[in-house]
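Indexing begins at 1, ligand by ligand and atom by atom, following the structure's order.
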Amino acid sequence: LRGGNFSLKDFEIGRPLGKGKFGSVYLARTRKGESHFFVAIKVLFKSQLISGGVEHQLEREIEIQSHLQHPNILRLFTYFWDEKKIYLVLEYAPGGEMYKQLTTMKRFPEAMTAKYMYEISDALTHCHMRNVIHRDIKPENLLIGVNGELKIGDFGWSVHAPSNKRQTMCGTMDYLPPEMVCGDSHTASVDLWAIGVLCYEMLVGKPPFEHDKQSETYAAIKEAKYRFPDYVSKGARDLISKLLVVDPSKRLTLTGVMRHPWVESMLEVNRRAKKEESERRAE
Ligand SMILES: Cc1cc(Nc2nc(/C=C/c3ccccc3)nc3cc(N4CCN(C)CC4)ccc23)n[nH]1
């Protein structure tokens, strides 16, 4: 997939993987050469982009995602268009969507949650170093790679920091931090709040500020008011409580997440489990 000017004829289109707001995503593979290389092709209708007024958002998504190269960020290899559609050639993540995994498992074990928290913090460090804030971290935008690693997918809402872009709210607001709920300008620390929400949702199976009425969700977010079920460990509570902080400047940093004692201890549990498994297989 080096170089440019690809077109649809260079790919064999497979099954649809999913349908988004502005188009569908298909499994595909390159025709050229003997090694069939799987990709995911996101097909967007120009007409819908224009009527949705999101062309420049797509430009930003392409600009940002094509320049980010990180093992926990889904690659955007290339893109092309014909008279009616735009095609994004994205990395294929064979593990599927994290939110489906979470729905199936109800909630993730602490070691699995900590691994995902480490990986997403590493990926966001890569983004923030390039002055990119994602702004839409949630299980629906996260995919699972071939080795069970997390991949941040959709960059449809990412922007260059700082930004006070009001976004037309579509989808859940469970992940919105207080400063975005109040319409203040926001910085990269919105992603720190979002991974706090994500950590809670991975451990509990639902987000911390979920309420029947939107106004109750807003109120709970603005005061960072939430409760833990008994089974959430002290270490996990400590991490989440350092991320779900109303004052953006007081939130834990990404380095702080990756070095948090609970994360470190859980990664050690993962390493030991992997070692035992490989020793068992070696026998
Ligand atoms: C961009 C991309 C997707 C992707 N991989 C996959 N995407 C989607 C669902 C995608 C989707 C797209 C738009 C809207 C909704 C869903 N579903 C997937 C389901 C997969 N399987 C195989 C693994 N099974 C456990 C579950 C079903 C595998 C990869 C998937 N790699 N790269």
Side-chain angles (χ1 to χ4, degrees), residues 1 6 8 10-31 35-49 52 54 57-81 85-109 112-113 115-116 119-120 123-124 126-127 132 134-158 167-172 174-175 198 201-202 205:
L1 285 164
F6 281 88
L8 211 47
D10 297 310
F11 301 94
E12 266 167 28
I13 305 298
R15 75 176 180 91
L17 290 167
K19 222 179 136 18
K21 277 183 288 297
F22 297 104
S24 303
V25 178
Y26 296 86
L27 178 61
R29 64 181 190 185
T30 52
R31 275 195 208 282
S35 67
H36 286 307
F37 187 75
F38 282 104
V39 291
I41 297 189
K42 190 171 178 180
V43 182
L44 301 154
F45 287 90
K46 287 182 186 174
S47 54
Q48 283 185 14
L49 291 172
V54 290
Q57 192 177 309
L58 176 67
E59 278 157 35
R60 215 170 31 226
E61 176 181 347
I62 292 174
E63 172 58 26
I64 286 172
Q65 200 160 352
S66 54
H67 288 95
L68 291 174
Q69 305 212 2
H70 186 280
N72 300 113
I73 296 177
L74 204 73
R75 283 291 309 282
L76 169 60
F77 295 119
T78 186
Y79 62 101
F80 50 85
W81 58 86
K85 296 171 215 164
I86 296 173
Y87 305 85
L88 306 184
V89 182
L90 292 155
E91 176 184 354
Y92 174 60
E97 300 171 277
M98 179 198 275
Y99 93 89
K100 287 232 172 102
Q101 196 183 42
L102 186 54
T103 311
T104 312
M105 295 174 70
K106 300 267 176 290
R107 49 195 176 94
F108 292 157
M112 183 174 178
T113 299
K115 182 179 83 71
Y116 284 152
E119 291 169 344
I120 199 164
L124 287 173
H126 186 82
C127 295
V132 170
H134 188 275
R135 295 200 317 169
D136 200 13
I137 297 295
K138 57 186 177 195
E140 291 76 3
N141 289 341
L142 302 174
L143 292 162
I144 310 297
V146 65
N147 300 313
E149 74 279 22
L150 173 146
K151 299 257 180 189
I152 300 183
D154 205 324
F155 274 75
W157 286 104
S158 52
Q167 75 239 8
T168 47
M169 203 54 59
C170 48
T172 168
D174 284 319
Y175 279 70
L198 177 71
E201 182 165 1
M202 289 193 284

query: Is atom OH of Tyr79 surrounded by more than 12 heavy atoms (other residues, nucleotides or ligands) closer than 6.0 Å?
result: no
field: Under-4.0 Å heavy-atom contact with ligand 1, by part of Pro94 that carries it
entry: backbone
task: Have a look at ligand 1 and work out which part of Leu27, if any, has a heavy atom under 4.0 Å from it: side chain, backbone, both or neither.
output: neither
query: Would you say Arg75 touches ligand 1, if touching means a heavy atom closer than 4.0 Å?
result: no
query: For ligand 1, is Gly153 a contact, meaning one of its heavy atoms is under 4.0 Å away?
result: no
query: Going through the distances and angles, do Ile120 and Tyr116 end up as a side-chain contact (heavy atoms from CB on, under 4.5 Å)?
result: CA-CA 6 Å; Ile120 199 164; Tyr116 284 152; over 6 Å; no
field: Nitrogen or oxygen atoms of Ala93 and ligand 1 under 3.5 Å apart
entry: yes
query: Any N/O of Glu91 closer than 3.5 Å to an N/O of ligand 1?
result: yes
message: Among all the protein's non-hydrogen atoms, which is closest to atom 12 (C) of ligand 1, and how far away is it?
response: Val25 CG2, 3.5 Å
Atom 24 (N) of ligand 1: the protein heavy-atom neighbour that sits closest, reported with distance to 0.1 Å: Gly95 O, 4.7 Å
query: Is atom 2 (C) of ligand 1 in close reach of the protein, with a heavy atom under 4.0 Å away?
result: yes
task: For Gly96, take its heavy atoms, then give the atoms of ligand 1 lying under 4.0 Å from any of them.
output: 18 (C), 19 (C), 20 (C), 28 (C), 29 (C), 30 (C)
